[in-house]
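Atoms considered below: every heavy atom in the structure, side chains included; atoms not considered: hydrogens, waters and symmetry mates.
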Amino acid sequence: MLKNNQKGFTLVELMVALAIGATILAAAVGIYVTTVINSGSVIASSRLNQELTTMMDVMVRDIRRAGYSGESSVVESPTSNSFQQVDVTALAIRASIASPTADVARGTDGTCILYAYDSDPVGDANEGVLNATDMFGFRLNNGVVQMRQQGDTADARHDSCAGANDTWIDVTDASTINISTLTFNAGASECITTREKDGLDNDGANGIDDDAEADCYDVVVPTAGSGEITVEAREIEITLIGNLIRDPAVSHSVTRSVRVRNDLVRQR
């Protein structure tokens, strides 16, 4: 009787096959894990970008309204605008909460912006009347962007970033996002004086009436009581930088410029 030939794998061949299979499986798992991690980072980065962009849109839309008034008299007398009084309700940039009332030089960054506008609907009994709920602003406070929900009309100075009776609310979530930078810069603003051309060498530069003298940022505005009228067109550059709390390496930066629609008219 003929014996059947027994065919199969040797122990060595099985061990080699298992080793190759394990290597392939490890590589596949590594690729999968890397893909999952990268996908998670992309999703987290996209979410952070969306959060910062949305926050920026909110600030731009609101700041653009600064100085709006429903007062009928403002059309004929813009300097009487209750929502545009310098050192009271007019748009102002402050250095920080630590220096809540100190002006920053034009072109210098500040971490707090304050302003007012008439938030009452047309025809409302309070239209054109300055109320606590007509005072707004944004500030950076320990990694959180805050918005002023209302001010204090009883305060002689309404443009403080740390008014004792002001109400500020968080508009970013400190548990998920850290805001490392929030700055406001009015360096692109322009100020024109209506006296030019008056035929006088107001800057005392060369004995002639230069076009540059119309810029009331560069030429000193006369003292109070002179009747001088200036018109300031304000443009604010906003920079917002934030990172994820769980992954600080995931960071985004958004920069936008907003042109305030209501120019600031002043009479000395």
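Partner of Gln149 under the side chain to side chain contact (heavy atoms under 4.5 Å, CB included) criterion, chosen from Asp166, Thr167, Thr133: Thr167.
To the nearest 0.5 Å, the span separating CG on Asn141 from CG on Asp170 amounts to 7.5 Å. Interatomic distance, Leu140 CG to Ile113 CD1, rounded to the nearest 0.5 Å: 13.5 Å. Interatomic distance, Arg246 CZ to Ser175 OG, rounded to the nearest 0.5 Å: 8.5 Å. For the atom pair CD of Gln267 and OG of Ser80, the computed distance is 11.0 Å after rounding to the nearest 0.5 Å. For the atom pair CG of Asp109 and CD1 of Ile238, the computed distance is 11.5 Å after rounding to the nearest 0.5 Å.
Under the 4.5 Å side-chain contact rule for hydrophobic residues, Ile245 and Val171 do not share a cluster. In the hydrophobic clustering of this structure, Leu91 does not group with Met135; members are Ile, Leu, Val, Met, Phe, Trp, Tyr whose side-chain heavy atoms approach within less than 4.5 Å, directly or through other members. Note on Val144 and Ile241: separate hydrophobic clusters, where clusters join Ile, Leu, Val, Met, Phe, Trp and Tyr whose side-chain heavy atoms are under 4.5 Å apart, directly or indirectly.
Defined by atom type and a distance below 3.5 Å, a donor-acceptor pair is present between the side-chain atoms of Ser119 and Asp134. Counted by atom type alone, Tyr117 and Asp62 present one or more donor-acceptor pairs between their side chains at under 3.5 Å.
Under a 3.5 Å cut-off, the side chain of Thr108 and the backbone N or O of Val104 do not form any donor-acceptor pair. Ser251 contributes a side-chain N or O that, together with a main-chain N or O of Gly242, makes up a donor-acceptor pair within less than 3.5 Å. Between the Asn131 side chain and the Val129 main chain, a donor and an acceptor come within less than 3.5 Å of each other. Not one N or O on the side chain of Ser99 forms a donor-acceptor pair closer than 3.5 Å with the backbone of Ala95. A donor-acceptor pair under 3.5 Å is absent between the side-chain atoms of Gln84 and the main chain of Ala116, judged by distance alone. Using modelled atom types, one side-chain atom of Thr89 and one backbone atom of Ser82 make a donor-acceptor pair closer than 3.5 Å.
Arg94 and Asp159 are joined by a salt bridge, as a carboxylate oxygen and a charged side-chain nitrogen come within less than 4.0 angstrom of each other.
Contact check for Met55 versus Met59: side-chain heavy atoms found under the 4.5 Å cut-off. In this structure the side chain of Cys161 reaches within 4.5 angstrom of the side chain of Leu114, judged on heavy atoms.
Within 6.0 Å of the CD atom in Glu235, the count of heavy atoms belonging to other residues, nucleotides or ligands exceeds 12.
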### Message
As a quick check of understanding, evaluate side-chain hydrogen bond (donor to acceptor under 3.5 Å, both in side chains) for Asn185 and Glu237, giving each step before the final call.
### Response
CA-CA 5 Å; Asn185 191 307; Glu237 182 180 88; 5.7 Å; no

